Amino acid sequence: MDKNFDPKATEDAIYRMWETGGFFAPNKSSQAKPFTIIMPPPNANDPLHIGHAMFITIEDILIRYHRMKGESTLWLPGTDHAGIETQFVFEKKLAKQDKSRFNFDRETLYKMIWDYVQENSGVAIDQMKKLGASADWSTFKFTLDPDIVARVLETFIKLHKDNLVYRGQKLINYCTKCGTGYSELEVEHVEETTKLYFIKYGPFVLATTRPETKFADTAVAVNPNDKRYKSYIGQEIEVMGLLGTFKLKVIADDYVDPEFGTGVVKITPYHDFNDFDVWQRHIDEIPAPKQVIDKQGKLTSIAGKYAGMKIKAAREMIEKDLGEKGLLAKPSEAYTHNVGVCYRCKTVLEPLPLTQFFIKTKPLVEGALRALDTGETKILGAGQDKILRHWLTNIRDWNISRQIVWGIRIPVWYNIKGHEQRAWLSFLDKEGKQQQGTLAQYLNEFGFDHIKKNLQQIDVGTWSEGNNPDWVVSVTEPSEDGLWIQETDTFDTWFSSGQWPVVTLQTNGAAVFEKFYPTSVMETGYDILPIWVMRMMLLGIYVTGKSPFTTVYLHGLVRDEKGQKMSKSKGNVINPLDMVDKYGADAIRIALVMSSTPGQDKAVGENTIRGMRNFSNKIWNAARFVYMEKQHAEATDAPGIEDNNFMKKLDETVHSITQLLNALRVGLAAETVHNEFWHWYCDVAIEQRKRKEISLQALETGLTTFLTLLHPFMPFVTEEIWGKFVNDGRSPLIISSWPENKNV
RNA sequence: GGACACGUAGCUCAGUGGUAGAGCGCUGCAUUCACAUUGCAGAUGUCGGGGGUUCGAACCCCUCCGUGUCCACCA
């Protein structure tokens with residue numbers, strides 16, 4: 001027997017033994033009560049990072065503990081198609097081949113991404129196995145599996161029937177680079193220092209950071225109580241601009257802060273959220289809005305000679321021209337404010353008027369709040385309960401339309417007949433070249449079938465009142481006469497993952513759903529509380545009437561040794577698989593959870609992991625000592641004078657670990673078992689044994705008990721020892737019974 | 001501007017009403033003893049400051065200071 005434990009030589013074989021033994025499947029006994037965790041599905045296309053290792057570890061600890069307690073334990077794994085991220089990565093790949101999404105029709109592009117993801121999808125799963133994840137792989141689901149898609153569509157149809165879906169034109173945060181709009185939860189806010197311009201505007205001077213949108217101004221607003229401008233309210237003013245003079249109405253709105261800038265604000269409803277709201281409040285006073293920036297981030301034809309220019313270039317040129325025309329009242333000032341950027345590519349988002357599908361969220365909130373009030377669902381994680389309530393009470397309608405192909409296509413069909421002139425679309429012609437325009441332009445030349453088959457995107461826009469296209473919700477093409485085209489937008493990825501606990505169980509069979517829903521613990525990072533956990537509650541309760549989980553355990557972010565955020569640019573990223581390779585899976589597992597606490601970030605460095613590698617070696621050597629003692633033991637094992645104290649202490653340890661795990665205090669449980677094993681069992685008890693103060697039998701009981709207690713945290717080394725010389729040839733540790741404490 | 005956290009050993013963090021803890025680091029001693037991926041001994045703490053409740057507070061309450069994160073429409 002080697003002096004050191006060698007994880008590399010043993011871990012894979014142990015995992016295979018567990019897997020082929022079928023030990024990950026739930027206990028079939030009818031008396032066993034269920035314990036369920038649905039795994040947060042990682043991006044199918046990405047290798048695991050340290051944050052994944054964190055959730056794998058915590059969930060596996062809970063799963064192994066409950067399995068050893070004899071419960072019918074299901075850990076259902078899966079992966080997510082991660083719409084925007086994956087399409088973005090794929091497009092970068094295309095760019096390297098001098099291609100873009102515009103070179104392909106929708107269907108072809110989807111298939112290419114599908115194949116690309118298939119190539120990579122095994123990686124994350126293998127990595128989870130390396131970390132020891134005892135998930136039931138037979139229940140595995142991918143968010144684009146046909147059975148999952150069918151369920152997700154069903155939910156949408158139900159929402160529509162219940163009048164909880166609407167199609168509406170709103171201002172949407174749109175990424176001109178990724179080519180899609182978002183919901184407000186996906187917008188990241190970053191501080192930006194920009195110029196605040198002071199522009200002569202008729203009789204006023206106004207302060208703006210965005211002179212390039214002034215071509216779309218439809219009003220000027222002042223504060224109703226601002227004495228300086230009171231006489232102008234309700235009047236029209238004449239403004240000399242870069243493209244000539246025009247007239248605008250002056251309106252009064254409380255939103256204008258008289259203290260800021262000059263107290264005069266231009267109103268550009270289609271390019272600013274506040275202005276949009278002002279327009280809504282003064283809809284009778286302000287004429288129809290104008291759009292000056294398009295989806296490509298370029299200025300539209302209303303910008304005259306600036307049309308076609310990118311925002312940044314246009315702004316610079318406009319600044320110059322304003323200066324030359326003497327329209328700048330004074331030099332610009334540096335101004336720091338927050339702007340929304342794309343969480344994926346960090347491009348500054350443009351507020352643009354888009355027609356999208358929305359889910360009415362307010363009617364769904366009540367059930368979620370009730371679940372929190374009654375304790376049906378408990379949130380673990382410093383203060384996160386209150387944060388969730390805050391989100392729930394301030395929720396907005398959910399924009400679920402995404403202008404990408406990598407996702408579940410929205411099951412909505414438009415009848416374009418009679419609206420051919422207004423249906424904008426892009427498709428590939430017979431030479432594979434992109435054509436863009438209205439259906440009316442191309443219908444005769446290419447025929448409807450060709451256009452449909454080679455379609456990239458359709459935008460049927462918003463018709464004026466009473467002149468809307470028919471749209472019907474249907475999974476298949478409607479049979480009625482007409483020119484039917486399916487919406488090209490896909491669902492927000494979070495719309496499918498928001499149903500994850502429900503649909504993964506349902507698609508594993510009605511009996512599985514019946515038994516394991518609602519699930520026991522949802523374990524994930526606090527950073528996705530609103531974007532994911534909240535939505536799972538909303539949709540889960542909506543579909544099933546029950547909150548999808550009893551407890552939400554929100555782990556913290558993993559940071560580096562100094563508590564710094566890990567990032568590629570800082571070069572402080574720890575790859576969990578490298579650490580497994582170097583120190584063993586057990587070491588990184590316990591390093592991640594020991595002394596961690598829900599909702600609080602966790603600092604982990606290689607030193608920490610090395611220290612825990614030493615701990616797994618310590619376990620190994622303690623076992624080795626017991627084994628050697630047995631070799632030299634005499635036939636009769638005399639009781640030791642410390643036996644009673646030893647057993648009592650052992651029992652207390654079992655008790656406290658059990659209590660801690662029941663209370664989901666995983667970090668403290670790990671710390672306790674580590675300390676008791678090392679500093680009591682090894683440092684005290686084994687030394688007592690050397691002086692013959694405790695019996696070999698007591699020492700052996702101690703070892704087997706500790707192997708059981710340690711197993712959820714460090715499954716490999718404990719299983720290896722168990723199989724090798726504690727329980728040779730008998731059932732493996734993974735399905736051994738959790739010790740009962742008798743005397744405490 | 002608001003919300004939520006956090007401030008405990010050199011560093012990173014547990015502990016959350018009853019004599020201050022862990023990991024990593026540091027100092028000294030120990031080497032054929034299960035393990036040097038070790039053991040023993042040790043140093044470093046007014047548990048952010050102040051006030052209150054209590055027989056007793058790192059822990060509960062108030063307040064101040066500092067840090068972080070998220071949210072928010074000041075162009």
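By convention in this document, chain letters (A, B, ...) are assigned in the order of the sequence lines, proteins followed by strands, and residues within each chain are numbered from 1. Computed from a prediction, not measured in an experiment: that's the story for all the values here.
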Intra- and inter-strand pairing of RNA chain B, written as dot-bracket with Watson-Crick and G-U pairs under 3.5 Å and | for the latter, reads ((((((((.[[[[.)..(..]]]].(((((.......))))).....[[[[[..)....]]]]])))))))....

Under-4.0 Å salt bridge between D385(A) and R389(A)
yes

Salt-bridge present (E652(A), K649(A); N to O < 4.0 Å): no

| message | Whether the side chain of K386(A) and the base of A5(B) hold a donor-acceptor pair under 3.5 Å is what I'd like checked. | response | no

Suppose we call a contact any N or O donor and acceptor under 3.5 Å apart; does that hold for the side chain of K3(A) and the base of C35(B)? no

query = Between the side chains of N675(A) and H679(A), does any donor sit under 3.5 Å from an acceptor?
reply = no

Taking atom types as modelled, is there a side-chain donor on D601(A) or Y526(A) under 3.5 Å from an acceptor on the other?
yes

Given the [atom1] atoms of [N] and [M], what is the spacing between them in whole Å?
{"N": "G50(B)", "M": "A36(B)", "atom1": "P", "value": "48 Å"}
{"N": "A9(B)", "M": "G52(B)", "atom1": "C1'", "value": "29 Å"}
{"N": "C26(B)", "M": "G10(B)", "atom1": "P", "value": "15 Å"}
{"N": "G39(B)", "M": "G45(B)", "atom1": "C1'", "value": "26 Å"}
{"N": "C47(B)", "M": "G21(B)", "atom1": "C1'", "value": "11 Å"}

Nearest of [options] to any side-chain atom of [X]?
{"X": "N607(A)", "options": "C74(B), C70(B), C24(B)", "result": "C24(B)"}
{"X": "R613(A)", "options": "U37(B), A34(B), G23(B)", "result": "U37(B)"}
{"X": "N338(A)", "options": "A72(B), U37(B), G23(B)", "result": "A72(B)"}
{"X": "F260(A)", "options": "C74(B), A34(B), C73(B)", "result": "C74(B)"}
{"X": "W391(A)", "options": "C35(B), C73(B), C70(B)", "result": "C70(B)"}

Scan [X] against the nucleic acid and name what it touches under 4.0 Å (heavy atoms): base, sugar-phosphate only, or nothing.
{"X": "L196(A)", "result": "nothing"}
{"X": "R396(A)", "result": "sugar-phosphate"}
{"X": "D683(A)", "result": "sugar-phosphate"}
{"X": "G340(A)", "result": "nothing"}

Practice task
Find out whether the Lys NZ or Arg CZ of K170(A) is both under 6.0 angstrom from the six-membered ring centre of F358(A) and within 45° of the ring's axis.
Solution key: yes

Going by the angle between their ring planes, with limits at 30° and 60°, are Y681(A) and F646(A) parallel, tilted or perpendicular? tilted

Q. Any chance NZ of K562(A) has more than 12 other-residue heavy atoms, nucleotides or ligands included, within less than 6.0 Å?
A. no

Going 5' to 3' through nucleotides 6-20 of chain B and flagging B where a protein heavy-atom sits under 4.0 Å of the base, S where only the sugar-phosphate is that close, and - otherwise, we get S-----SSBSS----

query = Please walk me through it: do Y627(A) and W620(A) pass ring-ring contact (aromatic ring centres under 6.0 Å, His included)?
reply = CA-CA 11 Å; Y627(A) 175 75; W620(A) 178 258; 9.9 Å; no

Whether D586(A) side chain and F716(A) backbone form a donor-acceptor pair below 3.5 Å: yes

